[in-house]
Amino acid sequence: MISAEIAALATGYDGRAAAGPLLDYRPYRSSVLRHPAYPPVPVDPEGVELVAPVFGPQDVDPGEADLTAQHPGEPLGERMIVTGRVTDGAGRPVAGQLVEIWQSNAAGRYAHGRDRHPAPLDPNFTGTGRCLTDADGTYRFVTVKPGPYPWRNHLNAWRPAHIHFSLFGTDFTERVITQMYFPGDPLLALDPIFQSIPDTAVRDRLLATYDHEVTRPEWSTGYRWDIVLTGPRRTWVES
């Protein structure tokens with residue numbers, strides 16, 4: 001049972017100060033064979049910047065932050081606002097940060113050809129959006145709550161509801177990717193990707209908080225999720 005494997009490995013987490021995931025985490029089946037086995041290869045960042053794309057305000061339309069307005073009709077599901085601040089380790093805002101998200105629809109299906117989950121596609125929801133942080137480091141998206149979906153890692157494997165985040169800096173080499181989860185999801189305890197992070201505090205920092213001040217009356221719920229780029233309380237990112 002995957003839950004027994006997760007529980008057995010968790011007993012060895014006590015005292016471990018690692019802030020990142022275990023790359024050879026056995027319950028995460030596919031990672032055992034394809035996780036990095038060698039140290040990263042240093043590259044010349046200045047050379048990369050000569051040919052890599054860059055992004056700025058001229059490339060991002062404010063309307064791209066509303067994932068519910070990209071098609072003629074309303075998407076199905078719980079409409080919600082997701083907002084938060086991007087800061088450095090000292091709490092200073094990171095302004096002008098390109099924040100991109102992608103997610104499944106409310107039924108747990110992604111709008112791409114390789115998704116074979118037999119859940120319905122939503123013709124009014126593509127599941128991608130982006131925006132730039134303002135002077136206070138704040139980002140804001142309007143979307144619908146994604147559904148859980150099976151992912152064939154093990155018998156009866158379901159991923160918790162989550163939203164993928166990508167933060168692109170002003171240089172091509174400045175990019176981090178991570179995932180935001182929802183509080184109280186019973187699938188979190190059974191998810192090998194989430195549980196591959198040994199530190200409970202680090203896992204908790206991936207959970208959004210329901211914020212009634214963000215919720216809009218008779219229109220949407222609201223969640224807040226802050227992202228810290230550096231320092232001991234930095235948000236976990238995918239390698």
Side-chain angles (χ1 to χ4, degrees), residues 2 6 18-23 25 27-31 34-36 65 67 77-78 80-87 94 97-112 114-115 117 125-131 133 139-154 157-169 174-211 222-230 233-239:
I2 200 76
I6 290 174
L22 301 173
L23 299 180
Y25 189 68
Y28 187 177
R29 304 301 192 212
S30 60
S31 72
R34 62 181 174 84
H35 73 79
L67 282 68
E78 173 189 329
M80 63 180 190
I81 297 169
V82 178
T83 187
R85 294 181 71 222
V86 180
T87 63
V94 180
Q97 174 74 61
L98 176 66
V99 181
E100 301 171 292
I101 63 171
W102 63 96
Q103 63 169 94
S104 73
N105 65 23
R109 184 166 178 181
Y110 288 93
H112 64 70
R114 296 186 64 183
D115 191 333
H117 179 28
F125 191 74
T126 302
T128 60
R130 62 181 183 173
C131 70
T133 56
Y139 70 86
R140 182 181 184 275
F141 291 102
V142 179
T143 183
V144 298
K145 188 173 183 178
Y149 57 82
W151 63 304
R152 299 181 178 177
N153 180 74
H154 55 276
W158 290 79
R159 290 236 60 215
H162 61 278
I163 298 177
H164 300 270
F165 274 72
S166 166
L167 284 77
F168 231 130
E174 296 177 345
R175 188 189 188 194
V176 298
I177 297 175
T178 186
Q179 299 181 30
M180 183 203 88
Y181 298 89
F182 294 87
D185 192 327
L187 294 173
L188 290 171
L190 304 171
D191 182 54
I193 294 179
F194 187 73
Q195 295 297 329
S196 69
I197 304 171
D199 193 319
T200 302
V202 174
R203 292 200 297 269
D204 288 346
R205 290 201 288 273
L206 298 181
L207 300 177
T209 302
Y210 173 74
D211 190 333
Y223 289 86
R224 184 174 295 280
W225 190 56
D226 296 330
I227 302 170
V228 181
L229 298 180
T230 58
R233 290 188 55 78
R234 67 185 181 276
T235 303
W236 170 79
V237 299
E238 300 176 5
S239 298

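Small disclaimer: the values here were computed from a predicted structure and weren't measured.
Residue Gln179 holds its CD atom at 8.0 Å from CG of Asp191, rounded to the nearest 0.5 Å. From Gln195, atom CD reaches atom CD1 of Ile6 across 5.5 Å, with rounding to the nearest 0.5 Å. One finds the CD1 atom of Ile101 at 11.0 Å from the OG atom of Ser166 (value rounded to the nearest 0.5 Å). The line from OG1 of Thr178 to CZ of Arg205 is 11.0 Å long, rounded to the nearest 0.5 Å. To the nearest 0.5 Å, atoms OG1 (Thr143) and CH2 (Trp102) are separated by 13.5 Å. To the nearest 0.5 Å, atom CD1 of residue Ile227 and atom CD of residue Gln97 are 8.5 Å apart.
A 4.5 Å side-chain heavy-atom check between Leu67 and Gln103 finds at least one atom pair inside the cut-off. Taking 4.5 Å as the limit, every side-chain heavy atom of Thr235 sits out of range of all side-chain heavy atoms of Met180. Contact of the Phe125 side chain with the Pro146 side chain is not registered, since no non-hydrogen atoms from C-beta on lie closer than 4.5 Å. Residues Leu190 and Trp158 fail the side-chain proximity criterion, which asks for heavy atoms closer than 4.5 Å. Residues Thr128 and Glu100 are not in side-chain contact: their nearest non-hydrogen atoms beyond the backbone lie 4.5 Å or more apart. Looking at heavy atoms from C-beta onward, Glu78 lies out of side-chain contact with Val144 at the 4.5 angstrom threshold. Using a 4.5 Å heavy-atom threshold, the side chains of Leu188 and Phe182 count as separate. The side-chain heavy atoms of Tyr223 and Leu207, taken from C-beta on, include no pair separated by under 4.5 Å.
Distance alone, capped at 3.5 Å, is enough to place a donor-acceptor pair between the Arg203 side chain and the Ile197 backbone. When atom types are taken as modelled, the side chain of Asp226 and the backbone of Arg85 share a donor-acceptor pair closer than 3.5 angstrom. Judged purely by atom type and a 3.5 angstrom limit, Asp211 has no side-chain atom pairing as donor or acceptor with the backbone of Gly222.
The aromatic ring centroids of Trp225 and Tyr139 lie 6.0 Å or more from each other.
The two residues Ser104 and Gly147 make their nearest non-hydrogen contact at OG-O, 3.3 Å. Contact between Asn153 and Tyr28 at its shortest, heavy atoms only, is OD1-C, 3.6 Å. Looking at every heavy atom in both residues, Tyr25 comes nearest to Ser31 through O-OG, 3.6 Å. Smallest separation of non-hydrogen atoms from Pro183 and Ala208: CD-O, 3.2 Å. The two atoms that bring Trp151 and Pro192 nearest to each other are CZ2-CD, 3.7 Å, heavy atoms only. Closest approach of Asp115 to His117, counting heavy atoms only: OD1-N, 2.9 Å.
Taking the six-membered ring where tryptophan is involved, the planes of Tyr149 and His162 are tilted, since the angle between them lies from 30° to 60°. The aromatic rings of Phe194 and Tyr181 stand perpendicular to each other, their planes meeting at an angle above 60°, with 30° marking the opposite boundary.
Each of Ile177, Leu167, Val176 was compared with Val237 under the side-chain contact (heavy atoms from CB on, under 4.5 Å) criterion, and only Val176 meets it.
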